[in-house]
Amino acid sequence: MVVIRVSVMHIGFLNPHGNFDHKNSYISEHPDFGGQLVYVRQVADAIAKQGHQVDILTRHIIDPDWPEFAEKFDGYGSVDNLRIIRLPAGPQETHSRK
């Protein structure tokens, strides 16, 4: 009998100009959403489904127009080991809408 051990990795994606939330809110409206954001989410999801712990690190934004991004922690309900972690970066009152 051959036993193969696979180590669980803890992987972090740093995406400072992308805002992630569990519902993919405003995917076509928010100025930061785009192809890179979709790609990172899909790759992170695929890696997490293989059993690894995955964190997406992004900006923490406090903006009444975008309440979905206000919580410091979020996740995707379909994958328990995929987290969204929002870090303070720049002014918290507002953000660039490009």
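Position 1 is the first residue of the sequence; numbering continues from there. Since this is a predicted model, take the numbers as computed values, not measurements.
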- Query: Does the side chain of His52 pick up a donor-acceptor pair with the side chain of Asn81 at under 3.5 Å?
  - Reply: no
Is any side-chain heavy atom of Arg59 closer than 4.5 Å to one of Leu87? no
Heavy-atom closest pair (Val54 atom, Ala48 atom, distance to 0.1 Å) is CG2-N, 3.8 Å
For Leu14, the side-chain contact (heavy atoms from CB on, under 4.5 Å) test, sequence neighbours excluded, returns Pro16, Leu57
For this session: Please determine if Arg86 and Asp74 form a salt bridge, counting it only when a charged side-chain N lies under 4.0 Å from a carboxylate O.
Result: yes
Q) What's the verdict on side-chain contact (heavy atoms from CB on, under 4.5 Å) for Gln53 and Arg83, showing C-alpha distance, side-chain angles and the deciding distance? A) CA-CA 8 Å; Gln53 175 65 46; Arg83 300 184 300 177; 3.5 Å; yes
With Phe13 as partner, the option from Asp55, Leu82, Ile84, Ile47 fulfilling side-chain contact (heavy atoms from CB on, under 4.5 Å) is Ile47
In this structure, CD1 of Ile85 is separated from CD1 of Ile56 (nearest 0.5 Å) by 9.5 Å
